[in-house]
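In what follows, chains are A, B, ... by sequence order, proteins preceding strands, each numbered from 1. These values consider heavy atoms only, across backbone and side chains, with no hydrogens, waters or symmetry-generated copies. Computed from a prediction, not measured in an experiment: that's the story for all the values here.
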Amino acid sequence: MVCRFSTRLLNICIASICKAQQLEKAEAIIIDGIRLGVLPDVVTYNTLIAAYCRFVGIDTAYSVLHRMREAGINPDVITYNSLIAAATRHCLLSRSLDLFEEMLQMGILPNVWSYNTLMHCFFKSGKPDEANMVFRDIFLSNLSPCPSTFNIMINGLCKNGYTNNALMLFRNLQRHGFVPQIVTYNILINGLCKSGRLGAARRILKELGESGHVPNAITYTTVMKCCFRSRQFEQGLEIFSEMKRKGYTFDAFAYCTVSGALVKTGRTEEANKCMEQMVTNGIELDIVSYNNLINLYCREGKLENAYKLLDEIEKRGLECDKYTHTILIDGLCKAGNFESAQQHLKYMNMMGFDSNLVASNCLIDALSKAGQIDCAMKVFHSMELKDSFTYSSLVHNLCKARRFHSASKLLLSCLRGGMKILKSAQRAVLAGLRSSGFTRQARKLQLKIRLAKILHF
DNA sequence: TTAGGGTTAG
């Protein structure tokens, strides 16, 4: 139904149709509108582009830009900010930069949101130095940073391992009159908890209470997770009860935090009850909840039930993510079904997931524990990306197989790559070399370990 | 239009 209305009404109509994800219908209405003499404007197309970014993909959204120009409407800073934000959501750094450049070439001046988004994209891509340069550019461009600018900065620093710098920035900003928002406190508490600085996190939590803000569901989930991480289980469960009393368990977050922690400690029955409670309370299962359930079934050895859930995910129109696949690969490994695990890993590669590091590590660990260390080495050589877990597991199991020279070589290549390795794995190599009469090699290796520590840490 | 909490491996 198209009406005789003004552009403003057309835009209201397009916004509501886009919200309902009926994008083709929205485009048809725009065309009908033109025929009836109701011309779309930049707001009409920006709404459509934002919806394509959110519900379809950046390429489709970008193609609307052409149609927009054909209709004689020039994009503005909001058009480009939407596209840059979409690229950032998918961690497409070069795409974000290209769009930023294109915007400049079109003579469109970026605003503080453009810089915020670009900064966030650099942080998400693990490039804090570049993000810092964008932060400086905001001031050089004579733009005023907004509270989100600082929140993105503090969050990015925390996520990239610079929690101390984040805390320093927070204090500096406070000295200059910055009033932290509840989001700022949550970001900092989460960063401090994850880096193991529980005392500092507690101080910030106390400050939050004194600031007049009320802790919200996110604050509670963050602190609860922190308790589980530091093995203060009963305290974590007390927070969960408090969340329920206060009505903060309106989504899947708290339930998944609790059930995840219960599964990790082998309390699968309680984890099951927790998820059942979630469903009874009318909370719909999302992909993370399904992942939790799949993990629960895998731990109980009920792989068939786990696979049944995959069908349910598909029926519900949800998409499996890298966690779903990793959990299943780990489940197959733990059940000793290496062939299926390897097949699933291949499938994961084929699907083009951004990372299969954890899944590969699961396979390496399980294979080498089962004595199939050469198979594990094959997987190792096929991996593009390796981390401290990959090396620790292999070095440890090579020692168990009394292959101390191979373990020593691998240990050194890990340290040369600037990666840490479990202390117990280091000790196993040194002890193994000594006990098999290679004391000189052990001494040399110890010296090299010390040198690597000085160079990298 | 941007920013915060949940799920994977020793």
Side-chain angles (χ1 to χ4, degrees), chain A residues 46-47 49-50 53-54 76-86 88-89 111-121 123-124 146-156 158-159 181-191 193-194 216-226 228 243 248 251-261 263-264 278 286-296 298 321-331 333-334 355-366 368-369 387-397 421-422 424-425:
Chain A
N46 282 351
T47 311
I49 287 175
C53 282
R54 187 160 294 277
D76 64 4
V77 65
I78 297 174
T79 324
Y80 275 96
N81 283 357
S82 280
L83 289 163
I84 297 170
T88 299
R89 263 196 298 276
N111 62 16
V112 71
W113 303 114
S114 326
Y115 283 100
N116 284 352
T117 315
L118 202 60
M119 201 166 79
H120 186 215
C121 197
F123 273 129
K124 268 185 96 170
C146 61
S148 310
T149 313
F150 300 124
N151 291 339
I152 293 168
M153 195 66 196
I154 294 170
N155 183 43
C158 286
K159 294 260 161 75
Q181 303 166 314
I182 181 80
V183 185
T184 327
Y185 284 108
N186 286 345
I187 289 169
L188 208 52
I189 291 168
N190 188 38
C193 281
K194 284 201 169 135
N216 60 16
I218 298 179
T219 325
Y220 273 95
T221 320
T222 307
V223 177
M224 181 168 72
K225 175 90 199 281
C226 185
F228 292 138
M243 283 185 84
Y248 280 156
D251 59 18
F253 276 83
Y255 290 100
C256 287
T257 311
V258 175
S259 76
V263 170
K264 262 200 185 105
M278 178 179 137
D286 60 4
I287 190 63
V288 179
S289 318
Y290 276 111
N291 289 346
N292 249 305
L293 281 174
I294 293 173
N295 193 29
L296 182 54
C298 285
D321 59 9
K322 67 173 176 190
Y323 288 91
T324 326
H325 296 293
T326 307
I327 290 164
L328 277 167
I329 290 169
D330 186 48
C333 284
K334 292 220 160 72
S355 162
N356 58 12
L357 178 66
V358 179
S360 304
N361 282 345
C362 292
L363 188 58
I364 285 189
D365 195 56
S368 50
K369 264 186 190 149
D387 67 357
S388 132
F389 189 103
T390 328
Y391 284 97
S392 298
S393 169
L394 266 176
V395 168
H396 215 100
N397 286 299
I421 191 160
L422 271 189
S424 60

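- Counting any heavy atom pair closer than 4.0 Å across all strands shown, Ser388(A) reaches a base atom.
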Let's go through Ser148(A) and Asn151(A) carefully: what are the C-alpha distance in whole Å and the side-chain angles of both, what is the deciding distance for side-chain hydrogen bond (donor to acceptor under 3.5 Å, both in side chains) to 0.1 Å, and is it a yes or a no? CA-CA 5 Å; Ser148(A) 310; Asn151(A) 291 339; 5.1 Å; no
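- If you check every strand for non-hydrogen atoms under 4.0 Å, Leu422(A) touches a base.
- Using a 4.0 Å heavy-atom distance criterion, Asn116(A) is classed as a base contact.
- Inspection of the Asn216(A) and Asn186(A) side chains reveals an N or O donor paired with an N or O acceptor under 3.5 Å.
- In this structure, Thr222(A) reaches the sugar-phosphate backbone alone: every heavy-atom distance under 4.0 Å involves primed, P, OP1 or OP2 atoms, never a base.
- The side chain of Ile182(A) approaches dG4(B) more closely than any other nucleotide in the set dT8(B), dG4(B), dT2(B).
- Residue Ala217(A) is in base contact, counting any heavy-atom pair closer than 4.0 Å across all strands shown.
- When heavy atoms are screened at a 4.0 angstrom cut-off, Lys124(A) is found touching no nucleic acid atom at all.
- Put simply, the side chain of Lys225(A) never gets that close to the backbone of Thr257(A): no donor and acceptor are under 3.5 Å apart.
- Side-chain atoms of Thr326(A) and base atoms of dT8(B) include a donor and an acceptor less than 3.5 Å apart.
- Among the protein residues, Cys256(A) comes within range of the nucleic acid bases, having at least one heavy atom under 4.0 Å from a base atom.
- Across dG4(B), dA9(B), dT7(B), the shortest atom-to-atom separation from the side chain of Asn190(A) is found for dG4(B).
- Using modelled atom types, no side-chain atom of Lys369(A) and backbone atom of Asn397(A) make a donor-acceptor pair closer than 3.5 Å.
- Nucleic acid contact for Asp286(A): base, since at least one base atom lies under 4.0 Å from a heavy atom of the residue.
- Base contact: Ala252(A) has a heavy atom under 4.0 Å from a base atom.
- If you check every strand for non-hydrogen atoms under 4.0 Å, Ser392(A) touches a base.
- Across all strands shown, Thr324(A) has no heavy atoms under 4.0 Å from either base or sugar-phosphate atoms.
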